[in-house]
Each structure stands twice: as C-alpha cells, then as structure tokens.
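Written below as structure tokens is the structure these notes are about.
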Amino acid sequence: MMNCWLGIDVGSVSTKLVLMDDEQSIIKKVYLKTGSSPMKSVLKGYEELFSGTKKELRICGAGTTGSGRRIAAAMTGADVAKNEITAHGVAAVSVDKNVRTVLEIGGQDSKIIFIKDGAVYDFNMNTVCAAGTGSFLDRQASRLGIPVSEIGALAEKSTNPVKIAGKCAVFAESDMIHRQQEGCKSEDILAGLCDALVRGYLNNLATGKKIIEPVMFQGGVAANTGIKRAFEKALGFPIKVPEQYDVMGAWGAAIIAQKKVKQNGGASCFVDISSNPDNWEMKSSMCNGCANCCTLVCVLNNGKTMAKWGGRCS
Ligand code: ADP
C-alpha cells in the first residue's frame, strides 16, 4: 500500500486534481473543464484520478484551493482549504526553493506572487479586468477560428506584431477587429495580442514592484508559448514554466495538507467520495441572522448539510 496525498484546485474554468506521494512527487494528475457545475467536475475528476490506480493507494490527507475550494473541501472532508496565492507559492518553492516571482494567469483572474527565502511576502491579484485572463485569449482565438492551444505557435511566426490596446478587453477586441479589417495577418494580430496581454498584466499587477529572477510562470495560460515569449520580451530575461504548470495550485494544496496532517500526528478528515458519489447538491439561501441578509451557500449530500458558509454573523 502506497501512501499518497490528494490536492484539488477548483477554478472557474478548470478543475485540477493531483495525487502526490510522500516525497511530494506527483503520481497522477487530472485537468478537466469546470463547466457549469464545480461539484460534477470534482466527482468526474476524482473518478478519473483514481481509475486504475486506487487499490494500491492510501490517501493520508487532502487539501483544496481555487475559487471552489470550499465546495471540494466539503465533499472530500479536506484537511485544508487554502487560498490560491499560498497554494501556488508553496508549489513554486517546491520546484525551485530560490524562486522569487510567480506569474500566474488562469481562466478568469491573474496574480503575481513575490517570494523570499521560500515564503510569500507580497502579492497582487486582478479579478476585475478581463483583458489579462485566459478566457479573453479563448474568446479571441475562437473569433479568429483557431484553437487557443495554437496561439503560441502562430504568434511565433509573426514578423510584424501589431499594436493592440492592452488596458481593457473591449478596446483590445475592437483594436483586433480593426487590424483584421486592415488585412493584417492572424499571426501578427496574435503576437500583438500576447504583447498587449502581458503589458496590461505588468501595468495592473507589477507597477512599482521589482520582478526579481528566478521567475516562474504557471496556470493554464503558461501553456501558451506566445505569452511566455511576450513576458520574456517585456522583462528582458528568461522565465521558467514548470513541468506541472497546469496543476501547481492543486499540488500546493496537497503539500500544505501533508504538512498539516503530519502536525496533527497523522489524523486526517479525508472522506473517499467514490463510496458516495451520488446526490450531491448545492443550495443558496438568505440568512436572516442579522440585517446584512447575506447569501448562504450550503453543500448537501443526500439532503444532509455537509458545509455552509457565506454569512457575516454567527
Ligand atoms: P482556472 O482559472 O479555472 O484555474 P486555468 O489556470 O486552467 O483556469 O487556465 C485556463 C486558461 O488556460 C484557459 O482559459 C486557456 O486560455 C488557457 N489554456 C489551457 N490549456 C491551454 C493550452 N493547451 N494552450 C494554451 N492555453 C491554454
């Protein structure tokens, strides 16, 4: 029987699950679309993660992160539910203990994390501007009729990147449409788009901050070599995309869970959801506890409340 640790990162665009061994190496990972239901994506990802491997493994603990971390934690009895900054920072340090800056771009937000001596000391996060996100790239790729996974290779062919406004998704899109109408080549528009996204990212998140090497680029958008190249051009030095770039948050959550469970003398709250995969649901309701009237989110299994959050009063 092999000891392992589960990490789950439920993002707005994708859900990531990893199985990590005692030495913190990833044994298996799953990356799938979150779609309309984070619960369904957790169940589907879980099934996929354990298919064919489960019998020889013992899950010693679980950690969750991402915007849906509380949902995943309620479902799996996770030992920790950590914010993405901490989870991404921890995983980056486990790849390179000297890392100083982490650039993370996901589906609907982007972050910069500053690290010293293996610990996060500052960060910045952009959740309001769509221009600096993967979903914006997805939309532009689909408008140009190409898969997002091909942006990098196409942008690489560009000899004359066009100038595109990077401050706002609406302006960037209208600039791109304008360039298309002027007959600019797709590769030049895509290279301009990558430059614009990186310019916007650095203006939004890194103004007044020093980006110190080594720099690690992670999150789903790190698959996009056009964005990596645009960062290197803007920063003037190479950046590193770790092998597990797409599951760094889930990996970090697993590492944090391992530490917590070990501190607790090995006691874990983990529950194997494959023994109980049906009848999971979420409900929201208004709290009447005080004048704030907060929206409460409730995770239920077979009608039984597993977790509830969202209220400001007790
Ligand atoms: P989340 O914010 O939900 O955690 P991710 O970090 O997985 O999402 O980022 C999702 C984004 O990553 C997508 O919107 C897409 O732009 C980008 N992406 C994912 N896979 C690829 C790929 N193979 N090539 C280029 N871009 C990709």
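The first residue in the sequence is number 1, and the count goes up from there. Remember, it's 1-based here, ligands and their atoms both numbered in the order they're listed.
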Discussion item. Is there a polar contact, in the sense of an N or O pair closer than 3.5 Å, between Gly219 and ligand 1?
Written reply: no
Worksheet item: When you check the gap from the basic side-chain N to the acidic O, do Glu47 and Lys44 get nearer than 4.0 Å?
Response: no
Practice prompt. Establish, from distance only, whether the side-chain atoms of Asn302 and Asn279 form a donor-acceptor pair under 3.5 Å.
Written response: yes
Discussion item. Does ligand 1 come near enough to Lys16 that some N or O of the ligand is less than 3.5 Å from an N or O of the residue?
Written reply: yes
Worksheet item: Should Val13 be counted as touching ligand 1, given the test is an N or O pair under 3.5 Å?
Response: yes
Practice prompt. Would you tell me which option among Ser135, Gly220, Ala222, Gly106 has the nearest heavy-atom contact to atom 12 (O) of ligand 1?
Written response: Gly220
Worksheet item: Side chains of Asn301 and Asn276: do they bring a donor and an acceptor to under 3.5 Å?
Response: yes
Discussion item. Among all the protein's non-hydrogen atoms, which is closest to atom 11 (C) of ligand 1, and how far away is it?
Written reply: Val221 CG2, 4.0 Å
Worksheet, complete the sentence: Atoms of ligand 1 under 4.0 Å from any heavy atom of Gly134, numbered from 1 in the order shown, are 14 (O), 16 (O)
Discussion item. Below 3.5 Å, N or O to N or O, backbone or side chain included: is there any such pair between Asp138 and ligand 1?
Written reply: yes
Discussion item. Checking the side chain of Ser110 only, and the main-chain atoms of Ile105 only, is there a donor and an acceptor separated by less than 3.5 Å?
Written reply: no
Worksheet item: For ligand 1, which atoms have a heavy atom of Gly11 less than 4.0 angstrom away?
Response: 3 (O), 4 (O)
Fill in: Polar contact flag for Ser12 and ligand 1 (N/O pairs, less than 3.5 Å)
yes
Worksheet item: Is it the case that Lys16 and Ser14 place a side-chain donor and acceptor less than 3.5 Å from each other?
Response: yes
Worksheet entry | Nearest neighbour of atom 21 (C) of ligand 1 from the list Ala223, Ser110, Ser149, Gly249, on a heavy-atom basis | Ala223
Worksheet entry | Phe217 ring center within less than 6.0 Å of Phe231 ring center | yes
Worksheet entry | Backbone or side-chain N or O of Gly107 under 3.5 Å from ligand 1 N or O | yes
Item to complete: Please examine the side chains of Lys233 and Asp195, heavy atoms only from C-beta on, and report whether any two atoms are closer than 4.5 Å.
Response: yes
Discussion item. If you measure every N or O of Asn224 against every N or O of ligand 1, does any of those distances drop under 3.5 Å?
Written reply: no
Worksheet item: Are Ile112 and Ile227 joined in one hydrophobic group, where the rule is that I, L, V, M, F, W and Y side chains link up if heavy atoms are under 4.5 Å apart?
Response: yes
